[in-house]
Visitor: 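First the structure, which I've put down as structure tokens, then a few questions once you've had a look.
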Amino acid sequence: MARILILGARGQLGTSLARRLAEHSPTALDRDELDVGDPQAVDRQLGRIRPEIVLNAAAFNDVDGAETRIDEAFRGNAVAPWLLARASRACGALFVHFSTDYVFRGDRRAPYGEDDAPAPLGVYGASKLAGERLVAAANPVHMLIRTAAVFGRAARPPKRRSFIDTMVALAGSRPLRVVDDQRVSPTWAEDLAAKTVELALRWRVSQSADLLGLFHVTNSGSCTWYELAREALRRSGIDAAIEPITTAAYGARAPRPAYSVLAHRRLERLGLDDLPPWQEAVGAYLRGERGREDGLG
Ligand SMILES: NC(=O)c1ccc[n+]([C@@H]2O[C@H](COP(=O)([O-])OP(=O)(O)OC[C@H]3O[C@@H](n4cnc5c(N)ncnc54)[C@H](OP(=O)(O)O)[C@@H]3O)[C@@H](O)[C@H]2O)c1
């Protein structure tokens, strides 16, 4: 059994990580138990728990809100991971942190690899990129996992539903208008958690530096938000009108990359399996499955 600490444990990803690691009886904390932006509280909790592995799924994820709440975005996405990475290093722990496809500008049409230069368009992406750099500086024993368009069911109902649940809930009650000129790689929290746990537990056994650093992990394939919504409705058996619109017509406050598909070059180089196609992941999510590969479903 490994001594594991999970932060943001009742969010979409944190919930899946906690369930998948249940046999290790992880300490799973969310905002009520530990505000990860509070330096004294972070040092106190990590000093008490003395984890071997820290998984940080806490983040400030309001992409549009970040444009005006810049201090909060950088506190949650840059300062907090730095505090956690530093405290993890003091315990000799592996620090696993998550970042985003929104660190990329999105002005090309080929998947971004881990070596490609980030250039975020908005505050959210900038704060997550700052977090990546601060984590790398604070604790050499880290994994930085960039992911994208995450859907999952949080243990504590989140303030915002997943995109898929929102589409399914709204369909029929009003005409759906969904952006069709942003291409992403949707990611089921369960598949992301499974790959994260595989990487972290492999590192625990091998302590190999090959398993550290930056990884891109999403479901395989890509689609626009419109295509994702259409697939979710089709698999739910809902026959509702849905209209593709442009980013400009939608008029969100924050700029977003038009193309942010991630290439999984590190996973490939390590000879690890890629994640299933996003369409399969959407189906499993809608059927209420809880995970694959290890009988958790
Ligand atoms: N969701 C996406 O589409 C997406 C895309 C790319 C990357 N990511 C990254 O993937 C990771 C997991 O995202 P997710 O979708 O699972 O997020 P989520 O569902 O929003 O969960 C985040 C959790 O962290 C908590 N939290 C926020 N600030 C905190 C603080 N200061 N102290 C303690 N807890 C705090 C949140 O609590 P409250 O609800 O009270 O705030 C929430 O329970 C994050 O690093 C995120 O940036 C997500």
Visitor: Grab the two heavy atoms, one from Leu83 and one from Val42, that are nearest each other, plus how far apart they are.
Guide: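 Minimum heavy-atom contact is O-CG1, 3.8 Å.
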Visitor: Between Asp181 and Thr247, is there a donor-acceptor pair closer than 3.5 Å when you use the side chain of the first and the backbone of the second?
Guide: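 It does hold such a pair.
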Visitor: Side chain of His216, backbone of Tyr112: donor and acceptor closer than 3.5 Å?
Guide: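 Confirmed, His216 side chain pairs with Tyr112 backbone.
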Visitor: What pair of heavy atoms forms the shortest contact from Ile53 to Ala200, and how long is it?
Guide: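 Minimum heavy-atom separation between Ile53 and Ala200: CD1-O, 4.1 Å.
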Visitor: For the side chain of Glu227 and the backbone of Thr224, is there at least one donor-acceptor N/O pair under 3.5 Å apart?
Guide: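 Yes; judged by distance alone, with no hydrogens or angles, the pair exists.
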Visitor: Are Val54 and Leu212 linked, directly or through other ILVMFWY residues, by side chains that come within less than 4.5 angstrom of each other?
Guide: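 Val54 and Leu212: separate clusters.
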Visitor: Would you check if Tyr259 and Pro111 make a side-chain contact, meaning some heavy-atom pair closer than 4.5 Å?
Guide: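 Of all side-chain heavy-atom pairs linking Pro111 with Tyr259, at least one is under 4.5 Å.
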Visitor: Do Val79 and Leu84 sit in one hydrophobic cluster, given that two such residues count as connected whenever their side-chain heavy atoms are within less than 4.5 Å of each other, even indirectly?
Guide: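 Yes; tracing contacts between hydrophobic side chains, which count when under 4.5 Å, links both residues.
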Visitor: Under a single-linkage definition using a 4.5 Å side-chain heavy-atom cutoff for Ile, Leu, Val, Met, Phe, Trp and Tyr, are Leu233 and Ile164 assigned to the same hydrophobic cluster?
Guide: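 They do share one cluster, since a chain of ILVMFWY contacts under 4.5 Å joins Leu233 to Ile164.
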Visitor: Any idea which heavy atoms bring Ser260 and Val184 closest together, and the distance?
Guide: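 So the two residues come closest at OG-CG1, 3.7 Å.
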Visitor: Using a 4.5 Å cut-off on heavy atoms from C-beta on, say whether the side chain of Asp180 contacts that of Arg230.
Guide: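 Not touching, per the 4.5 Å side-chain cut-off.
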Visitor: How many angstroms lie between OG in Ser222 and CG in Asp101, if you round to the nearest 0.5 Å?
Guide: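 Reported value, rounded in 0.5 Å steps: 11.5 Å.
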Visitor: Does CZ belonging to Arg3 count more than 12 external heavy atoms closer than 6.0 Å?
Guide: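 Enclosed.
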Visitor: Count the heavy atoms belonging to other residues, nucleotides or ligands that lie under 6.0 Å from CG of Asp107, then report whether that count exceeds 12.
Guide: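 Buried by this count: over 12 neighbours within 6.0 Å.
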Visitor: Please check: side-chain N/O of Thr100 versus main-chain N/O of Val103, any donor-acceptor pairing under 3.5 Å?
Guide: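 Side chain of Thr100 to backbone of Val103, a donor-acceptor pair under 3.5 Å: no, none is there.
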Visitor: Assess the residue pair Leu211 and Met143 against the criterion (side chain to side chain contact (heavy atoms under 4.5 Å, CB included)); give the C-alpha distance rounded to whole Å, side-chain angles, the decisive distance to 0.1 Å, and a yes or no.
Guide: CA-CA 8 Å; Leu211 288 160; Met143 286 174 191; 4.3 Å; yes
Visitor: Checking Thr187 side chain against Ala148 main chain: does a donor-acceptor pair fall under 3.5 Å?
Guide: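 Yes, Thr187 side chain to Ala148 backbone: donor-acceptor pair under 3.5 Å.
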Visitor: To check you understand the geometry: which heavy-atom pair defines the closest contact between Thr218 and Leu262, and what is its length?
Guide: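 Looking at all heavy atoms of both residues, the closest pair is CG2-CD1, 3.8 Å.
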Visitor: Report the C-alpha distance between Lys195 and Asp273 in whole Å, list the side-chain angles of each, state the deciding distance to 0.1 Å, and finish with yes or no for salt bridge (Lys or Arg N to Asp or Glu O under 4.0 Å).
Guide: CA-CA 9 Å; Lys195 189 56 72 182; Asp273 287 342; 5.6 Å; no
Visitor: If you count the non-hydrogen atoms of other residues, nucleotides and ligands that lie under 6.0 Å from CZ in Phe163, is the total more than 12?
Guide: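 More than 12 within 6.0 Å, yes.
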Visitor: State whether the side chain of Arg266 and the backbone N or O of Leu214 hold a donor-acceptor pair below 3.5 Å, judged by distance alone.
Guide: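 Checking the backbone N and O of Leu214 against the side chain of Arg266, a donor-acceptor pair under 3.5 Å is found.
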Visitor: Show the numbers, then the answer: is there a side chain to side chain contact (heavy atoms under 4.5 Å, CB included) between Arg109 and Arg183?
Guide: CA-CA 9 Å; Arg109 288 296 174 272; Arg183 180 158 287 275; over 6 Å; no
Visitor: Are the side chain of Asp210 and the backbone N or O of Leu270 linked by a donor-acceptor pair below 3.5 Å?
Guide: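 Judged by distance alone, no pair lies under 3.5 Å.
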Visitor: Hydrophobic clusters here meaning ILVMFWY residues chained together by side-chain heavy-atom distances under 4.5 Å, can you tell me if Leu176 and Tyr226 are in one?
Guide: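 Shared cluster, yes.
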Visitor: Take Val141 and Trp203 through the side chain to side chain contact (heavy atoms under 4.5 Å, CB included) test and state the conclusion after the steps.
Guide: CA-CA 10 Å; Val141 185; Trp203 175 85; 3.4 Å; yes
Visitor: Is Ser220 reaching over with its side chain to a backbone N or O of Leu275, donor-acceptor style, under 3.5 angstrom?
Guide: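 Here the side-chain-to-backbone pair exists.
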Visitor: Indicate yes or no: does Arg105 engage Asp116 in a salt bridge with an N to O separation below 4.0 Å.
Guide: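 No, no charged N to carboxylate O under 4.0 Å.
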Visitor: Would a single hydrophobic cluster contain both Phe60 and Val36, if residues Ile, Leu, Val, Met, Phe, Trp and Tyr are joined by side-chain heavy-atom contacts under 4.5 Å?
Guide: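 In one cluster with Val36: Phe60, no.
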Visitor: Does Arg108 use its side chain to pair, donor to acceptor, with the backbone of Ala110 at less than 3.5 Å?
Guide: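 Side chain of Arg108 to backbone of Ala110: a pair is present.
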Visitor: Let me see the working for Lys128 and Glu132 under salt bridge (Lys or Arg N to Asp or Glu O under 4.0 Å), right down to the final yes or no.
Guide: CA-CA 6 Å; Lys128 294 293 287 185; Glu132 291 183 6; over 6 Å; no
Visitor: Answer yes when Glu231 and Arg234 have at least one side-chain N-carboxylate O distance shorter than 4.0 Å, and no when they do not.
Guide: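 So Glu231 pairs with Arg234 through a salt bridge.
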Visitor: So which heavy atom on Gly65 is nearest to which on Arg253, and how close?
Guide: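 Answer, listing the atom of Gly65 first, then Arg253: CA-NH1, 4.0 Å.
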Visitor: How close do Asn139 and Ala93 get, counting heavy atoms only, and between which atoms?
Guide: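 Residues Asn139 and Ala93, closest heavy atoms: ND2-O, 3.2 Å.
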Visitor: Looking only at atom types and distance, does a side-chain atom of Arg146 sit under 3.5 Å from a main-chain N or O of Leu144, one as donor and one as acceptor?
Guide: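 No.
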Visitor: Stepwise, does the salt bridge (Lys or Arg N to Asp or Glu O under 4.0 Å) test hold for Asp62 with Arg69?
Guide: CA-CA 9 Å; Asp62 180 350; Arg69 295 157 64 198; 3.5 Å; yes
Visitor: Could you go through the side chain to side chain contact (heavy atoms under 4.5 Å, CB included) check for Arg31 and Arg10 one step at a time?
Guide: CA-CA 9 Å; Arg31 188 193 290 278; Arg10 289 197 293 278; over 6 Å; no
Visitor: Cation-pi check, Arg153 to Tyr285: give yes when NZ or CZ is under 6.0 Å from the six-membered ring centre and within 45° of the ring axis, no otherwise.
Guide: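 Satisfied, under 6.0 Å and within 45°.
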